[in-house]
Amino acid sequence: MGHPTKDRRITLERIESYLPERSVRIEELGERLGLHRAQLGVFRKFYGLDTLRFDPELPLLDLLRPAARAALEALPEDGRVDYLAYAHTTQAVAPPDVDIAQVVGADLGLPDAEAFGFSHQACVSSLGAIEVLGELLRAEGAEGAYALMVTGEQAYSPMVQHIPNTSIMADAAASCLITLDGEGDVVRSFAIRTLGEYAQWLELTPEQNTEFGEQYGRRIADTIHEALAEAGLTLDEVDLVIPHNVNKLAWRQTIKELELELEVEPEKVFLDNVPRFSHTYASDVFVNYTTLRDEGRLVDGAHYLLVSVGLGATFGAMVITHRAGGGA
């Protein structure tokens, strides 16, 4: 017989995000990133980037705190946070003697939570952390147990801010309060694929870069198919795809792949935040989720597909069912 907690559903009780107030146009970063006018023109015209949030004077903890505290407001009086995962893309986010997950836990008043970092899935780490936290809660099977996923990091150097021929990274943070069989959005499936041959991203040959670019849309489409199959849904039954904000060109390529098989409309992929905020590491899908929620565009009972890709290269897709009052 299976473990009785295996059938319990992971639910996202509260999702919040935070963006620094300071906004810059991508041209203002040209000198910092060593990009000349023509290169910036490509990012603007073809990749769809325009402005982004970037505040190098903001301490990392001040970036993470607002969304995390807002998510914790959904914690009931008799609930407790047993686990805290800090999901990040850049492995070095602080000096080696500083454990950011532990620092965040202490700052939030969660000294008893088991806090750990989660980064090896790059920008998919936030989705991966939700799955891991859900499995930890299932393994314990304790009543009143919750977990907190915290994500957010800064473009602290040109090396981590500029992904050549791909995107310009920006500052943002997000948090999810997670439990089992709660009243929030239901996680119906999670699919993940890693292509290890592209692990050394900065050392890829021109031929490997070309090969990866040619595979990109197809690999996302394959991961989406896998997540949908696990959820028992078709793409027609999904209300909206909530993607990462890498750039519009990459998503047009993916939409083309999906159109070939599923006749997906371009409007079904939410890309409004690409020119507003650019790519915010592992926080994108939750920044986009809260934008849609705050605009009243999430429908009770509707299914949504969260999709992200991380350098290295990891592709992830998660299907959720929205429930009004949950995730709010």
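Hydrogens, waters and symmetry mates are skipped; everything else that's a heavy atom, side chains included, is used.
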Inset, instruction - Count the heavy atoms of every other residue, nucleotide or ligand shown that sit under 6.0 Å from CG of Asp62, and state whether that count exceeds 12. - result: yes

Inset, instruction - Evaluate the side-chain proximity of Leu148 to Leu133: yes if any heavy-atom separation is below 4.5 Å, no if none is. - result: no

Inset, instruction - Decide yes or no for Val287 and Leu19: does some side-chain heavy atom of the first lie under 4.5 Å from some side-chain heavy atom of the second? - result: yes

Inset, instruction - Run the salt-bridge test on Glu16 and Arg293 with the 4.0 Å N-O cut-off and return the result as yes or no. - result: yes

Inset, instruction - Please check if the side chain of Arg188 supplies one atom and the backbone of Ile320 the other of a donor-acceptor pair under 3.5 Å. - result: no

Inset, instruction - Starting from the C-alpha separation in whole Å, work towards a yes-or-no answer on side-chain contact (heavy atoms from CB on, under 4.5 Å) for Leu180 and Arg9. - result: CA-CA 5 Å; Leu180 300 179; Arg9 301 180 300 179; over 6 Å; no

Legend entry - Co-membership, hydrophobic cluster, residues Leu258 and Ile220, 4.5 Å side-chain: yes

Legend entry - Partner set under side chain to side chain contact (heavy atoms under 4.5 Å, CB included) for Pro95, not counting sequence neighbours: Asp97, Val98

Inset, instruction - Indicate yes or no for a side-chain donor-acceptor contact from Asp239 to the backbone of Ala302 under 3.5 Å, with no hydrogens or angles considered. - result: no

Legend entry - Exercise: identify the closest heavy-atom pair between Ala191 and Ala227: CB-N, 3.6 Å

Inset, instruction - Could you check Phe118 against Met149 for side-chain contact (heavy atoms from CB on, under 4.5 Å), going step by step and ending with a plain yes or no? - result: CA-CA 10 Å; Phe118 194 94; Met149 191 283 296; over 6 Å; no

Legend entry - Salt bridge flag under 4.0 Å for residues Glu226 and Arg193: yes

Inset, instruction - Drop me the distance from Leu29's CG to Leu52's CG, to the nearest 0.5 angstrom. - result: 5.5 Å

Inset, instruction - Would you tell me whether Asp300 and His322 have side-chain atoms, one donor and one acceptor, within less than 3.5 Å of each other? - result: no

Inset, instruction - Give a yes or no answer on whether the side chain of Ser167 reaches the backbone of Val246 with a donor-acceptor pair at less than 3.5 Å. - result: yes

Legend entry - Smallest separation among heavy atoms of Leu137 and Ala145, with atom names: CD2-CB, 3.8 Å

Inset, instruction - Check the pair Asp82, Arg80 against salt bridge (charged side-chain N to carboxylate O under 4.0 Å, His left out), reporting the backbone distance first and the verdict last. - result: CA-CA 6 Å; Asp82 285 352; Arg80 68 184 183 283; 3.0 Å; yes

Inset, instruction - Consider only side-chain N and O atoms of Thr280 and Asp284, and report whether a donor and an acceptor are under 3.5 Å apart. - result: yes

Inset, instruction - Start with the C-alpha gap between Leu127 and Val285, add the side-chain angles, then the distance that decides, and say whether side-chain contact (heavy atoms from CB on, under 4.5 Å) holds. - result: CA-CA 9 Å; Leu127 297 179; Val285 293; 4.1 Å; yes

Inset, instruction - Answer yes if the side chains of Asn288 and Asn273 hold a donor-acceptor pair under 3.5 Å, and no otherwise. - result: yes

Inset, instruction - State plainly whether the residues Glu57 and Arg22 are in salt-bridge range, i.e. N to O under 4.0 Å. - result: no

Legend entry - Check: Glu135 side chain, Val132 main-chain N or O, donor-acceptor pair, under 3.5 Å: no

Inset, instruction - Please confirm whether the backbone N or O of Leu235 pairs with a side-chain atom of Lys268, one donor and one acceptor, at under 3.5 Å? - result: yes

Legend entry - Side-chain donor-acceptor pair present, Thr90, Glu153, cut-off under 3.5 Å: yes

Legend entry - Distance (rounded to the nearest 0.5 Å) between Leu60 CG and Tyr86 OH: 4.5 Å

Inset, instruction - Please round to the nearest 0.5 Å and tell me the distance separating atom CZ of Phe54 and atom OG of Ser23. - result: 12.0 Å

Legend entry - Enclosure of Glu31 CD (heavy-atom neighbours >12, cutoff 6.0 Å): no

Legend entry - Leu298 side chain reached by Tyr289 side chain, heavy atoms, under 4.5 Å: yes

Inset, instruction - Decide yes or no for Leu64 and Ile100: does some side-chain heavy atom of the first lie under 4.5 Å from some side-chain heavy atom of the second? - result: yes

Legend entry - Stepwise side-chain contact (heavy atoms from CB on, under 4.5 Å) test for Val103 and Leu61: CA-CA 8 Å; Val103 172; Leu61 196 58; 4.2 Å; yes

Inset, instruction - Could you tell me whether the side chain of Leu177 reaches within less than 4.5 Å of the side chain of Leu12, counting heavy atoms only? - result: no

Inset, instruction - Answer yes or no: is there a donor N or O on one side and an acceptor on the other, between the side chain of Thr166 and the main chain of Pro164, under 3.5 Å? - result: yes

Inset, instruction - Return yes if a side-chain donor-acceptor contact under 3.5 Å exists between Gln253 and Arg218, otherwise no. - result: no

Legend entry - Nearest heavy-atom neighbours spanning Pro20 and Leu63: CG-CD1, 3.7 Å

Inset, instruction - Would you check if there is a donor-acceptor pair between the side chains of Ser126 and Thr151 at a distance under 3.5 Å? - result: no

Inset, instruction - Considering non-hydrogen atoms only, spot the tightest contact between Asn247 and Val274 and give its length. - result: CA-CG1, 4.1 Å

Inset, instruction - Please answer whether the main-chain N or O of Asp99 pairs with a side-chain N or O of Gln102 as donor and acceptor at a distance below 3.5 Å. - result: no

Legend entry - Side-chain donor-acceptor contact under 3.5 Å, Ser119 with Ser125: no

Inset, instruction - Using only heavy-atom distances, determine whether the side chains of Asp185 and Tyr304 contain a donor-acceptor pair under 3.5 Å. - result: no

Inset, instruction - Could you check if a side-chain atom of Arg65 sits within less than 4.5 angstrom of a side-chain atom of Tyr18, using non-hydrogen atoms only? - result: no

Inset, instruction - Could you grab the distance from atom OH of Tyr281 to atom CE of Met169, nearest 0.5 Å is fine? - result: 5.0 Å

Legend entry - Any side-chain heavy-atom pair of Thr51 and Ile26 under 4.5 Å: no

Legend entry - Backbone N/O of Glu230 and side chain of Ser189: donor-acceptor pair under 3.5 Å: no

Legend entry - Closest non-hydrogen atom pair, Ala101 against Ala115: O-CB, 3.5 Å

Legend entry - Distance (rounded to the nearest 0.5 Å) between Arg219 CZ and Thr314 OG1: 12.0 Å

Inset, instruction - Carefully, step by step, assess Asp181 and Arg8 under the rule salt bridge (charged side-chain N to carboxylate O under 4.0 Å, His left out). - result: CA-CA 6 Å; Asp181 297 332; Arg8 301 187 66 184; 3.1 Å; yes

Legend entry - Point-to-point distance, once rounded to the nearest 0.5 Å, from CG of Asp55 to CD of Gln154: 7.5 Å

Inset, instruction - Taking the side chain as every heavy atom from C-beta outward, state whether Arg25 and Asp50 have any pair of such atoms under 4.5 Å apart. - result: yes

Inset, instruction - Using the six-membered ring wherever Trp is involved, compare the ring planes of Tyr216 and His244 and label them parallel, tilted or perpendicular (cut-offs 30° and 60°). - result: parallel

Legend entry - Side-chain donor or acceptor of Lys248 paired with backbone N/O of Lys45 under 3.5 Å: no

